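Every heavy atom of this structure was used, including side-chain atoms; hydrogens, water molecules and symmetry mates were not. Small disclaimer: the values here were computed from a predicted structure and weren't measured. Just so you know, ligand 1 is whichever comes first in the structure, and atom 1 is the first atom listed for that ligand.
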Amino acid sequence: MERNDKHGFTDFFLLSLEKNGLESLITQEHIDKFFLLTEHMLTVNEQFNLTAIREPSRVILLHYIDSLIGAHLFPEGASVIDVGAGAGFPTLPLAIVRPDLRITALDSTAKRVNYIGETAALLELKNITPLVGRAEEIAKDAAYREQFDCATARAVAALPVLSELCLPFVTLGGRFIAMKGRGGKEELAASQNAIQLLGGKEAALFDAPVLAPDGETFAHTTVVIEKIAKTAPKYPRAYGKIAKAPL
Ligand code: SAM
C-alpha cells in the first residue's frame with residue numbers, strides 16, 4: 001500500500017478491525033487521525049528511527065490493532081501510565097479511541113517522548129502527558145508512585161522485569177496490563193514470585209492473536225495483574241539489579 005493511499009488505508013483498517021472484533025471502537029474521525037499518524041510517523045522515521053515497520057498495512061496490524069486488542073480492559077476514565085512508550089505504542093492508538101483515558105507516556109529517551117508530545121498536539125489529543133525518565137526512578141517519586149489506575153507496557157522487557165518496573169505505579173485496586181507477543185504464558189509462569197512480592201494478585205491471561213484480513217496471525221497475549229497490596233518501598237530496585245536478578 002502506498003503511504004498516501006487514504007482509501008486503501010481506510011478499507012484495510014476497517015477490515016482489520018472487523019476481523020479482530022474491534023469495529024465498535026472506531027469512528028471515521030478516528031480513522032482520519034490514524035491516517036495522519038501513519039504519514040507523520042513514517043516521515044519522522046526517515047530522520048530518526050522510530051519503527052522498523054514501514055509498510056502501512058503492517059503498521060495497522062502490528063502497531064494499531066496490536067495496541068487496541070486489549071483496549072476494553074482499561075476501566076472507563078482510568079489514569080494510565082505507559083511504561084517505555086517508545087514511538088507511542090500503545091499510548092497513541094489508545095488515546096485516539098479512548099478519549100476518556102488520561103495517559104502518561106513514560107520513556108527514558110527524551111527524543112521519543114518529545115515525538116509523542118508533538119504527535120499528540122498534531123492529532124489534537126488532549127489526554128496524553130509525556131514524561132521523560134527511567135521507570136525505576138520515577139516510581140520512587142511520590143507524585144507517581146501508586147498514583148495510576150492502570151500501568152501498561154508493550155515490547156519493553158520480559159514480564160518478571162516488567163512487573164517490577166510497572167506494578168509500583170499502580171494504585172491499590174488498579175491493574176497492570178502487559179501486552180506481550182509470543183511467550184506470554186511462559187513469562188507469566190516465571191513471574192509468579194515477582195507478582196506476589198510486588199503486591200499483585202494471580203494474573204489473568206488472554207490469548208488474543210492479531211488476525212490479518214488474509215488469515216495471517218500474529219501472536220498477542222495480554223496479561224492482567226490486579227494490585228491487591230502496596231508495593232514494599234524497596235521496589236523497584238536499581239535497573240542493574242532488576243535485570244541481573246529478576247524477582
Ligand atoms: N512500547 C513501545 C512499542 O511497543 O513500540 C516501545 C518499545 S521499545 C522496544 C522499548 C522502549 O522502552 C524504548 O523506547 C526504551 O527507551 C524504553 N525503556 C526501556 N527501559 C526503560 C525504563 N527502565 N524506563 C523507561 N523507559 C524504558
Flag side-chain contact, heavy atom, 4.5 Å: [X] against [Y]:
{"X": "Ile128", "Y": "Leu92", "result": "yes"}
{"X": "Phe74", "Y": "Asp149", "result": "no"}
{"X": "Thr119", "Y": "Met41", "result": "no"}

Answer yes or no on whether Arg134 is positioned over the face of Tyr239, meaning its NZ or CZ is under 6.0 Å from the six-membered ring centre and within 45° of the axis. yes
Between [X] and ligand 1, does any nitrogen or oxygen pair lie at a separation below 3.5 Å?
{"X": "Glu136", "result": "yes"}
{"X": "Arg112", "result": "yes"}
{"X": "Ala87", "result": "no"}
{"X": "Ser108", "result": "yes"}

Closest non-hydrogen protein atom to [atom], residue and atom name please, with distance?
{"atom": "atom 19 (C) of ligand 1", "value": "Val156 CG1, 3.9 Å"}
{"atom": "atom 10 (C) of ligand 1", "value": "Ala155 O, 3.5 Å"}
{"atom": "atom 24 (N) of ligand 1", "value": "Ala135 N, 2.9 Å"}
{"atom": "atom 12 (O) of ligand 1", "value": "Gly84 CA, 3.4 Å"}

Close-contact set for ligand 1 against [X] heavy atoms, below 4.0 Å:
{"X": "Phe89", "answer": "1 (N), 2 (C), 3 (C), 4 (O), 5 (O)"}
{"X": "Gly86", "answer": "6 (C), 14 (O)"}
{"X": "Arg154", "answer": "1 (N), 2 (C), 3 (C), 4 (O), 5 (O), 7 (C)"}
{"X": "Thr109", "answer": "16 (O)"}

Quick one: [atom1] on [X] to [atom2] on [Y], what's the gap to the nearest 0.5 Å?
{"X": "Lys111", "Y": "Phe48", "atom1": "NZ", "atom2": "CZ", "result": "5.5 Å"}
{"X": "Asn20", "Y": "Ile69", "atom1": "CG", "atom2": "CD1", "result": "4.5 Å"}
{"X": "Gln28", "Y": "Ile26", "atom1": "CD", "atom2": "CD1", "result": "10.0 Å"}

Under 6.0 Å between ring centres, would you say that holds for Phe34 and Phe13? yes
At under 4.0 Å between heavy atoms, what of Ala85 touches ligand 1? The answer is backbone
Step by step, work out the side chain to side chain donor-acceptor pair (under 3.5 Å) result for Thr27 and His30. CA-CA 5 Å; Thr27 63; His30 294 149; 3.2 Å; yes
Do Asp82 and Arg154 meet the salt-bridge criterion of a basic N to acidic O distance under 4.0 Å? no
Non-hydrogen atom of Asp107 closer than 4.0 Å to ligand 1: yes
Determine whether any heavy atom of Gly133 lies closer than 4.0 Å to an atom of ligand 1. yes
